[in-house]
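Convention: sequence-line order gives letters A, B, ...; per-chain numbering from 1. Predicted, not measured: the structure shown is a model, and the values here were computed from it.
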There are 2 protein chains.
Amino acid sequence: MLLELDFSSQTPIYQQIRNQIVLAVAEGRLKDGQRIPSVRTLADESGINMMTVNKAYQLLRQEGYLQIDRRSGARISIPVSSIFLSSHPEGAVVTAAVNQLRPQLELLISEARLHGVSQELFLSTCCEIFHRQKEV
Amino acid sequence: MLLELDFSSQTPIYQQIRNQIVLAVAEGRLKDGQRIPSVRTLADESGINMMTVNKAYQLLRQEGYLQIDRRSGARISIPVSSIFLSSHPEGAVVTAAVNQLRPQLELLISEARLHGVSQELFLSTCCEIFHRQKEV
DNA sequence: CAATCTGTATTATAATATATAATACAAACA
DNA sequence: TGTTTGTATTATATATTATAATACAGATTG
């Protein structure tokens, strides 16, 4: 199963769907151009409403992770950033991406440090995650 | 001013307050035992409701960042983890903290990679944030 | 003592967010 | 010709978020 929904979570269902699909793409379990279940299929399999799935798909589409076509349905669309720009760093798009996620990273590091997580442990955890995502 | 609230943000106000106080503690702008404004003062200064501030304070208290006393008000309380456990790594509390923030970190790294952020750039950004937080 | 501050509790109200339900439609496809 | 696709609509229900107006007990201060 692609999705593991937690109905008692405070994270909205449509957000959980979005997050898990982004993660699946990053881990290579979903590949560029690959078709994902229709809103109805995923809704039925997960026991949720069709429009909840649609909301997640719309969100993914706006972020560029999904391409939606009436004829072919919804397909994974890996941003050009990760394809063309991965070779030569320092692109304007990349630095924009870094600046966008910086506040979240600052907060995450703050919480980590205040719970005794050393810089070394944090960085090695990052490396571990990178390594797992890259190997697939 | 301690707080910079964004009323058009999708992040709830009480959550913004909580996040910014955690960040201020990590950056040393708020120190252990330091008193923070009363719920009424902060509410008036920020133009929001008293109970909204109270909700943020309650959240911070539950997480261990705040100690609240009727006589002395609300004071910053830095968790013991970051004081005692910072010297010797690999504590059970610390690994628990890492495991708790791992899902968020996985998602953050996923989004970064899919936007062309290299491991080197991500790690150097982490180092930069660590450095700024530690120097204060 | 009287006034003022502290956090907290209560009740009510409003707006927004989230999720579901039941249909419906046009486009594409087998 | 059905079936599937995404999408739109309308209605309903619930939860979350935020405000407003009070009130109370405990502590501090003038």
Side-chain angles (χ1 to χ4, degrees), chain A residues 2-22 25 30 32-77 107, chain B residues 2-22 25 30 32-77 107:
Chain A
L2 180 63
L3 297 182
E4 289 281 342
L5 299 181
D6 178 7
F7 294 98
S8 63
S9 168
Q10 60 178 2
T11 304
I13 300 177
Y14 79 93
Q15 190 75 46
Q16 292 184 42
I17 298 174
R18 178 269 178 194
N19 290 347
Q20 292 183 29
I21 288 184
V22 170
V25 172
L30 289 177
D32 190 59
Q34 181 171 347
R35 193 169 174 186
I36 63 176
S38 74
V39 287
R40 279 169 240 261
T41 303
L42 193 52
D44 288 350
E45 285 179 353
S46 306
I48 59 176
N49 193 276
M50 185 178 58
M51 296 310 288
T52 303
V53 181
N54 185 263
K55 186 169 184 177
Y57 281 16
Q58 284 301 322
L59 184 56
L60 287 162
R61 186 184 63 83
Q62 287 173 0
E63 295 177 308
Y65 296 115
L66 218 54
Q67 226 166 354
I68 300 178
D69 191 356
R70 251 181 221 286
R71 41 197 160 180
S72 57
R75 293 180 181 279
I76 297 298
S77 167
L107 185 59
Chain B
L2 180 64
L3 296 182
E4 290 280 343
L5 299 182
D6 178 6
F7 295 98
S8 62
S9 167
Q10 60 179 359
T11 303
I13 300 176
Y14 79 93
Q15 190 75 46
Q16 293 184 42
I17 298 174
R18 179 267 178 195
N19 290 348
Q20 292 184 28
I21 289 184
V22 169
V25 172
L30 288 178
D32 191 59
Q34 182 172 347
R35 192 171 174 184
I36 62 174
S38 74
V39 288
R40 277 169 243 259
T41 303
L42 193 53
D44 288 350
E45 286 179 353
S46 306
I48 59 176
N49 193 274
M50 186 179 57
M51 296 310 288
T52 303
V53 181
N54 185 263
K55 186 170 184 177
Y57 281 16
Q58 284 300 321
L59 184 57
L60 287 163
R61 187 184 63 82
Q62 288 172 0
E63 295 178 308
Y65 295 115
L66 219 54
Q67 226 165 353
I68 300 177
D69 191 355
R70 252 181 219 286
R71 41 198 161 179
S72 57
R75 291 179 181 280
I76 297 299
S77 168
L107 186 59

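Using a 4.0 Å cut-off, no side-chain N or O of A:Gln10 falls inside it from OP1 or OP2 of D:dT16. Between B:Ser38 and C:dT6 there is a side-chain polar atom (N or O) within less than 4.0 angstrom of OP1 or OP2. Contact annotation: B:Thr52 side-chain N/O to D:dT19 OP1/OP2 distance is under 4.0 Å. In this structure, A:Asn54 reaches the D:dT7 phosphate: one of its side-chain N or O atoms is under 4.0 Å from OP1 or OP2. At C:dA19, none of the side-chain N or O atoms of A:Lys55 fall inside 4.0 Å of OP1 or OP2 (strictly under the cut-off).
Comparing C:dA24, C:dA19, D:dA18 against the side chain of A:Ile13 picks out C:dA19 as the nearest. With distances taken from any side-chain atom of B:Asn49 to the nucleotides C:dT6, D:dT17, D:dA20, the minimum falls on D:dA20. In this structure, the nucleotide among C:dT6, C:dT8, D:dT7 sitting nearest to the side chain of B:Gln58 is C:dT8.
For the pair A:Gln15 CD and D:dT16 P, the computed distance is 16 Å after rounding to whole Å. When rounded to the nearest whole Å, the span between CZ of B:Arg18 and P of D:dT17 equals 14 Å. Rounded to a whole Å, the CE atom of B:Met50 is 11 Å from the C1' atom of C:dT6. Remark: P of C:dT8 and CD of B:Gln62 are 11 Å apart, rounded to the nearest angstrom. Atom CE of A:Met51 is separated from atom P of D:dT10 by 13 Å (rounded to the nearest Å). Protein atom CG of A:Asp44 is 10 Å distant from nucleotide atom P of D:dT5, rounded to whole Å. Across the protein-nucleic acid pair, A:Gln67 atom CD and D:dT7 atom P stand 12 Å apart, rounded to whole Å. When the C1' atom of D:dA27 is taken as reference, atom CG of B:Asp69 falls 9 Å away, rounded to whole Å.
Inter-residue side-chain proximity for B:Leu42 and B:Ile48 is flagged as unmet; no heavy-atom pair is nearer than 4.5 Å. Side-chain atoms of B:Gln20 and B:Glu4, non-hydrogen and from C-beta on, do get closer than 4.5 Å to each other. Put simply, the side chain of A:Tyr57 reaches to within 4.5 Å of the side chain of A:Val39, judged on heavy atoms.
Residues B:Asn54 and B:Thr52 bring no donor and acceptor atom of their side chains to less than 3.5 Å of each other.
Residues A:Phe7 and B:Pro37 both approach DNA chain C. Their nearest nucleotides, taken by heavy-atom distance, put B:Pro37 toward the 5′ side. Nearest-nucleotide positions on DNA chain C for A:Tyr14 and A:Ser72 put A:Tyr14 closer to the 5' end.
Remark: the backbone N or O of A:Arg61 is not paired with any side-chain donor or acceptor of A:Gln67 at under 3.5 angstrom.
Looking at heavy-atom distances under 4.0 Å, A:Arg35 makes contact with sugar-phosphate atoms alone, never a base.
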